[in-house]
Amino acid sequence: MNRIDPALLTTPQKPFSLARRFELRTDSPEDFRQRLRHYFTQTFDCTESLFRTLACEDAWYQRPITLRHPLIFYYGHVATFFTNKLLLTRMISERIDPHLESIFAVGVDEMSWDDLNDAHYDWPSIARVQDYRNKVRAMVLNLIDHAPLTLPVNWENPWWAIVMGVEHERIHIETSSVLMRQHRLDRVRPQADWPVCSDGGKAPHNTLVDIAQGHVRLGKPFDSPRYGWDNEYGRHEADVPAFQASRLLVSNGEFLAFVQAGGYASDDCWDDEGQRWRDFAKATHPTFWVPDGEHWRLRLLAQEIPMPWNWPVEVNCLEARAFCRWKAAETGQSVRLPTEDEWHRILATSEWEPPSAQPADANLYLEHWASPCPVDRFEHGPLCDAVGNVWQWTETPTYPFEGFKTHPIYDDFTTPTFDDRHNLIKGGSWISAGNEAEPESRYAFRRHFFQHAGFRYVVADAPVVPLASLYETDDLVTQYMEFHFGAEYWGVPNFPKALAQIAIEATGAGAHRRALDLGCAVGRATFELARHFDGVVGMDFSARFIDQGVALARGDTVRYTATEEGDLVEYKAANLADLGLADTAARVQFWQGDACNLKPQFSGYDLILAANLIDRLYEPAHFLQMIHERLNVGGILMITSPYTWLTEHTPREKWLGGFKKDGESWRTLDALKLSLGAHFVLQGEPRDVPFVIRETRRKFQHTLAQATIWKRVR
């Protein structure tokens, strides 16, 4: 049995607090180091403080909800994030614990209401994860104190990864607190440094405030003095017509009228998505409301209290929408949630400014309580709680601003949410600090997701206009969509389809149970292999790529643009049915993963295809040394590559070939034979397989990949 370190369960005696924000600009490297050291240690300590709320060992390993990992994952995830991102920036060159850095690498988005399958996870002991966190702490502090530092710190600066890691951990402090709030009450316990507000009472009457028409201009410049996530950068402008907004966030008391009126049972209040969630969850009241005879109690982080009717109700977006429909029917007004643009007009009307005094004039930054407070406690001009207390749901699905681009070391922070299924929340909550608490932050969650989130409503005649593009426009993703699923050019056959056919022929009469398509990109070869294999896993490091495969497997038509010239594009679409691949969808799975650090469950394959992967790995020799462990004896490994060794992907000293060795030319094929010879036999002679990638209507890449086929014999 795992044993809990008693030090982890010792309650500190003074309240915890978090720095509000981190300023990137400074002329002094020493000032930057000192402030970042404080920002990092304070955040790391806050995670430790929060996890002292867990009262027993089961609390670490039993999932609070079936859609999420157990809390031991999140305790380790925020630490492994530092290691994994610092490796990508090459601020460090070695891993601390490859196993933990694999199993803790990627969390889960609430993709559906179905259970998360965690059968393959063998979670480590608490003590082991504690020890790992201590090592990460020491590593990061050593970097902050001693690593070469060039100012300014911006997207291109490797120090960005440290700031990113801190802001990422602050996000997970909040999301972990939500999971603890959803845990069984006997698995958590109150802590002195997480005090709750004691001001409960009757709900105040809500009124409407006029919001004048105005212009919004959103989007950070890339030289902003503060850290931002990718979706905050770029440009968006809009004219917003006049409307009215509720002065207060909707309180528990105001929401009670909806509950008592039978709002949860009335289909008229719910859209199709809302009804499906309501029926699946069997929801009859807000999740954090606890029936107590004829009364109600409210579940907080680690305790229940008599219902404070004057606090904001905390619901998901579907419940907030249902309330608005009920309110519209009751009042005859056009009641709905605000859009992101309207929220910024509400913010401008409130004249809210980031605070300079302590504590803040808003329930933010953990400066007041570890809970919400009355909805009329903090007045911001004609409104209350323009920011803080709880997040505010909007009607706007997240979308990219003009000029959006992903960060090269975290390309999947936002792009998986560009699906019209994730709505933006604004304003921050009582626990939000750093980037989370900035008005320009743009966090989005699935509409059935629970956060410390509530809402205010608006009365507006203007319709909600969707802003998210249904066409994928990222240059690299669209090139690969066309490469995998588009037209054939210059008489060259479709490359991933051709590779799949070669691989299938190479397996011959051997087993065709399971195949792994490593570096699958957007997934064409994965689907082609599934014509002949019982199950195929497509894996790629880039979530942007595998999202396309996931969408196709789901039965969606993926639309994308192909550049013609300049700003002119051609609109294209792909679906499995048109390619005769619809029946393969049930046999494929897509996973984001690191080929140099695969999770334990990815083993036992009869075929592994590594297409154009080897010269894109940061440790290709390690990949070759371990890949036999993932393949059955008698199985086939197929490697293709044009051997385009570039330092941007692989450090020069880790190239497999393409240089002089002992005075002679050393080629990648030589290294493959040397590295794989202990476990594999080369099957036949290497062959060249051509491929063409379309960049524009008149510019193409014509390349020859060398394909080698290896049979595992021992």
Side-chain angles (χ1 to χ4, degrees), residues 65 67-68 106-114 116 167-168 171-172 174-175 178-179 218-219 228-234 236 271-274 276-277 280-281 287 314-322 324 336-344 390-401 404-407 410-429 432 435-436 438 440-455 464-474 477 543-544 546-548 550-551 554 556 558-559 590 592:
I65 58 174
L67 298 167
R68 289 289 184 180
V106 181
V108 291
D109 176 44
E110 285 197 323
M111 299 302 292
S112 71
W113 308 313
D114 301 328
L116 168 70
E167 296 292 354
H168 170 263
I171 294 172
H172 277 285
E174 179 153 354
T175 55
V178 177
L179 289 176
L218 308 180
W229 297 105
D230 53 13
N231 62 21
E232 299 169 28
Y233 296 93
H236 168 74
D271 59 18
D272 290 343
E273 180 186 4
R276 291 196 302 273
W277 169 80
F280 180 89
T287 290
E314 293 164 276
V315 292
N316 65 27
C317 187
L318 303 173
E319 292 169 294
R321 282 175 160 182
C324 289
R336 58 168 170 78
L337 297 177
T339 64
E340 182 185 25
D341 290 345
E342 288 168 341
W343 183 87
H344 278 279
V390 295
W391 289 93
Q392 301 173 43
W393 283 105
T394 75
E395 272 294 347
T396 304
T398 189
Y399 68 97
F401 289 157
F404 167 84
K405 61 181 181 180
T406 60
H407 194 280
Y410 200 178
D411 69 350
D412 58 326
F413 178 79
T414 304
T415 50
T417 69
F418 292 154
D419 58 3
D420 291 334
R421 296 180 176 91
H422 293 73
N423 276 36
L424 289 162
I425 55 175
K426 304 293 291 186
S429 75
S432 301
N435 173 267
E436 278 194 301
E438 297 294 314
E440 60 264 34
S441 71
R442 306 182 75 225
Y443 294 94
F445 290 96
R446 288 189 173 263
R447 289 182 283 268
H448 61 274
F449 184 83
F450 288 100
Q451 193 65 6
H452 302 303
F455 66 103
V464 175
V465 179
L467 294 172
S469 171
L470 295 178
Y471 283 86
E472 174 61 60
T473 59
D474 181 276
V477 176
R544 291 180 295 158
I546 62 173
D547 282 346
Q548 315 308 314
V550 168
R554 192 170 55 223
D556 295 352
V558 174
R559 297 174 172 84
F590 288 95
Q592 183 185 15

*Of all the heavy-atom pairs spanning Cys324 and Arg336, show the shortest one and how long it is.*
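Shortest heavy-atom contact: SG-C, 3.7 Å.
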
With the threshold set at 4.0 Å, does a side-chain nitrogen-carboxylate oxygen contact exist between Glu273 and Arg447?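 A salt bridge is present here (some side-chain N lies under 4.0 Å from a carboxylate O).
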
Set of ring-ring contact (aromatic ring centres under 6.0 Å, His included) partners for [X], sequence neighbours left out:
| X | value |
| --- | --- |
| Tyr410 | Phe81, Trp229, Phe413 |
| His344 | none |
| Trp343 | none |

Taking C-beta and beyond as the side chain, do [X] and [Y] meet within less than 4.5 Å on heavy atoms?
| X | Y | value |
| --- | --- | --- |
| Thr394 | Thr339 | no |
| Trp393 | Glu319 | no |
| Asp412 | Thr406 | no |
| Asn316 | Trp277 | yes |
| Pro397 | Arg421 | no |
| Ile65 | Leu179 | yes |

Let me know which of Glu342, Glu340, Glu395, Glu436 forms a salt bridge (charged side-chain N to carboxylate O under 4.0 Å, His left out) with Lys426.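 When Glu342, Glu340, Glu395, Glu436 are each tested with Lys426, the salt bridge (charged side-chain N to carboxylate O under 4.0 Å, His left out) holds only for Glu340.
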
Find the distance between [atom1] ([X]) and [atom2] ([Y]) and round it off to the nearest 0.5 Å.
| X | Y | atom1 | atom2 | value |
| --- | --- | --- | --- | --- |
| Glu440 | Asn435 | CD | CG | 7.5 Å |
| Ser432 | Ile425 | OG | CD1 | 7.5 Å |
| Asn423 | Thr417 | CG | OG1 | 10.5 Å |
| Leu337 | Phe455 | CG | CZ | 7.0 Å |
| His452 | Thr175 | NE2 | OG1 | 9.0 Å |
| Arg554 | Phe590 | CZ | CZ | 11.5 Å |

- Evaluate the criterion side chain to side chain contact (heavy atoms under 4.5 Å, CB included) for residue pair Asp556 and Val550; output intermediate values, then yes/no. CA-CA 9 Å; Asp556 295 352; Val550 168; over 6 Å; no

Side chain to side chain contact (heavy atoms under 4.5 Å, CB included) between His407 and Tyr233: does it pass, once the steps are laid out?
CA-CA 11 Å; His407 194 280; Tyr233 296 93; over 6 Å; no

- [ ] Quick one: do Phe418 and Thr398 satisfy side chain to side chain contact (heavy atoms under 4.5 Å, CB included)? Show the steps, please.
- [x] CA-CA 6 Å; Phe418 292 154; Thr398 189; 4.1 Å; yes

Would you sort out whether Ser429 and Gln451 count as a side chain to side chain donor-acceptor pair (under 3.5 Å), showing the intermediate values?
CA-CA 9 Å; Ser429 75; Gln451 193 65 6; over 6 Å; no

Q | Chi angles and distances behind the ring-ring contact (aromatic ring centres under 6.0 Å, His included) call for Trp391, Tyr443 | A | CA-CA 10 Å; Trp391 289 93; Tyr443 294 94; 5.7 Å; yes

- Distance-only, no hydrogens or angles: does the Thr414 side chain make a donor-acceptor pair with backbone N or O of Asp230 under 3.5 Å?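 Checked: no pair found.
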
Would you confirm whether Gln392, through its side chain, and Gly427, through its main-chain N or O, come within 3.5 Å as a donor-acceptor pair?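 Not at all, since once roles are kept as given, no pair shorter than 3.5 Å links the two residues.
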
**Asked** Centre of Tyr399's six-membered ring, under 6.0 Å away, within 45 degrees of the axis: is that where NZ or CZ of Arg442 sits?
**Response**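 Arg442 over Tyr399 ring: yes.
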
